[in-house]
Every structure is written in C-alpha cells, then in structure tokens.
Amino acid sequence: MYKHQNSRSSGSFSWVFQRITGLILVVVMIGHYILMHYTPESGHTYDAVLARMQSNWYRVLDLTFVVLAMYHGLNGIWGIFRDYKLKSWQSITIVGLLIIVGLAFSLWGIKTILDIPYVQTTSGL
Amino acid sequence: MSEFKKFDQKSWVKTNLNYRKDSGSWAWILHRITGIALIGYLFMHIFSLSPLSQGREAFNSFMEHYSTPFFMALEWFLFAFVLFHSLNGIRIVLVDWADGAKYHKSLYRYSIAIGVVMFFAMGYVMFSHEIHNLFK
C-alpha cells in the first residue's frame, strides 16, 4: 500500500506546476535565445541590455523568467532527492537549504534587473 | 510497510549499470544530468550578470571574457543541454497529458533528430560572424 512518507503533501501540486513552469520556460527560452544571439552585440553589451530594460515589459519578463527558472530547477533537485528514502530531518534540512539558496539567488537576480537605470522617459505599462 | 533491505552501495551501482536501458531510461538519466547542469548554470548566470549594476565599463570588461572562442564553444554546448531538457520535457508532458505513452519511443527519436538539427542551426547562428570572416 502506498503512502507518502515524512510529508503532509503528496506533491501533486508541485508535479503539475513543474510541467506548467516547464512549458512556460520553453516558450520564453526560445525568445531569450533569439534575442541574445541575434547579433554578437545584442546579448553581450551593456548598451543592448540598457536599451531593452527601458521597457517595463522586458523587466517583467526577465523577473518572471528568473523566478520561474529558479523554482523549476530547485523543485527538480528536490524531486531527485524525493526518489530516495529520507529521514524527516534530512528532508527538512534539504528543503530548507534549497529555499534559502533559491531565495538568495532569486533576490540577487531581481536586484540586478532592478538596478539598471532608466535613461529616458518611457511609455508603456 | 515491509522492512527495507540494508543499503549496499556496491550492489546498487552494479544493478543500475547492468539494468537494460531502453530509450526511456536514457531519457530519464540525461534529463537528470542536464537538469542538474542547468540549475548550476542558472546560479553562474545570475553571478555573471551581476556586474550590470556596476555600470557600462565594469559590465563590458567582464563580458569580454565570455566572448572568447572557448566560452562561445561552451555556450554552444550549453545549448545542447537546454535543447535536450526542453525537447525531452515536451515529450514528458505529452506522455503525461496527451496519450504519449503509446508513442514515447518515436517521440524520443523525433526529439533527438530535431535536437541535432537545431544544435547545428544554432551553431551557425552563434558563429555566423566568425564564419563570415573566414570566407571574406
């Protein structure tokens, strides 16, 4: 008889959400690759990034991208750990570490995006 | 719940290596490896873009290191990881939600074929500048 161990949830929500975020990431990744490699400059110079970041749509897109990718990745790592039999304290430690690392790097990425200045008056959003 | 057998590392490795692997097993193994690599890359990506907050000079001089042929080649192979994880992820969604279990093996073959084509297409896009200079 099956019963999920050491957890109050069966993980069915994160299973569905992993697929949904995965599909969103595939779509955004296509756009990301086209933008970054359209010319050698488009993805690798400050001015190209600055120009893009004048649009709040790009900022919102990038913020969503970094948060979703971080969630998808760390939930995937947790999924690997869940394949093995863990003691309760081990699960709590691993999830705690994943949340701390995920929050730290997400906030770092968010800070980097929001630190880019607006250099001209913008329209939109 | 029955008693679990004591974990024996040697026999675990042996069992896993001897297990006859079909396309699904390889997809599972490669999906894990590429997934772990990609989350590792995301950390590096956030780190390597952080000089954006220090302004134009700092960022551009930092990015010069990543425009060398070595790092461009690494970027190309990163794309192979992204490709496999994306295409196999789509395959997983089709298997879970769209009756794909009936044709998951041909889906695997199609994704490998599409992936190889897209890998070389991206290689051309990434190195088009260099290729153009070569035949000038």
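As a basis for the values below, the full set of heavy atoms in this structure was taken, side chains included, without hydrogen atoms, waters or symmetry mates.
Remark: B:Phe127 CZ to A:His37 NE2 distance equals 9.5 Å, nearest 0.5 Å. Between the OH atom of A:Tyr33 and the CD atom of B:Glu75 there is a distance of 7.0 Å, given to the nearest 0.5 Å. Taking CE of A:Met70 as the reference point, atom CG of B:Leu42 lies at 4.5 Å (rounded to 0.5 Å). B:Ile46 CD1 to A:Lys111 NZ: the interatomic distance, rounded to the nearest 0.5 Å, is 13.0 Å. Interatomic distance, A:Leu114 CG to B:Leu52 CG, rounded to the nearest 0.5 Å: 12.0 Å. Interatomic distance, CD of B:Gln54 versus CG of A:Asp115, reported as 10.0 Å (0.5 Å rounding).
Neither A:Trp78 nor A:Ile100 shares a network with the other; the hydrophobic side chains, linked directly or stepwise wherever heavy atoms of I, L, V, M, F, W or Y lie under 4.5 Å apart, form separate groups for each.
Taking B:Gly89, B:Ser67, B:Ser50, B:Ser128 one by one and counting their heavy-atom pairs under 4.5 Å with chain A, the maximum is reached by B:Ser50. By number of non-hydrogen pairs under 4.5 angstrom with chain A, the leading residue of B:Val125, B:Ile39, B:Ile36 is B:Ile39.
Closest heavy-atom contact between B:Asn60 and A:His44: OD1-O, 4.4 Å. Closest approach of B:Arg32 to A:Asp83, counting heavy atoms only: NH2-OD2, 2.6 Å.
Only the side chain of A:Leu23 comes within contact range of chain B, with heavy atoms under 4.5 Å apart. Of the atoms belonging to B:Phe59, it is side-chain heavy atoms, and not backbone ones, that fall under 4.5 Å from chain A. Both the backbone and the side chain of A:Leu74 come within less than 4.5 Å of a heavy atom in chain B. With a threshold of 4.5 angstrom between heavy atoms, A:Tyr84 approaches chain B through side-chain atoms but not through N, CA, C or O. For a residue to count as touching a neighbouring chain, one of its non-hydrogen atoms must lie under 4.5 Å from one of that chain's; by this rule B:His45 touches chain A with the side chain only. Interface remark: B:Met72 contributes no atoms to any contact with chain A (heavy atom separation under 4.5 Å). Proximity to chain B (any heavy atom under 4.5 Å) is shown, for A:Met53, by neither the backbone nor the side chain. Of the two parts of B:Phe79, the backbone and the side chain both hold a non-hydrogen atom closer than 4.5 Å to a non-hydrogen atom of chain A.
Counting non-hydrogen atoms of neighbouring residues, nucleotides and ligands closer than 6.0 angstrom, the CH2 atom of B:Trp97 exceeds 12 such neighbours. Heavy atoms of other residues, nucleotides or ligands lying less than 6.0 angstrom from CZ of B:Phe47 number 12 at most.
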Exercise for the section: For side chain to side chain contact (heavy atoms under 4.5 Å, CB included), just list the numbers for B:Met63 and A:Thr45, CA-CA rounded to whole Å, side-chain angles, deciding distance to a tenth of an Å, and then say yes or no. Expected result: CA-CA 7 Å; B:Met63 285 309 271; A:Thr45 59; over 6 Å; no
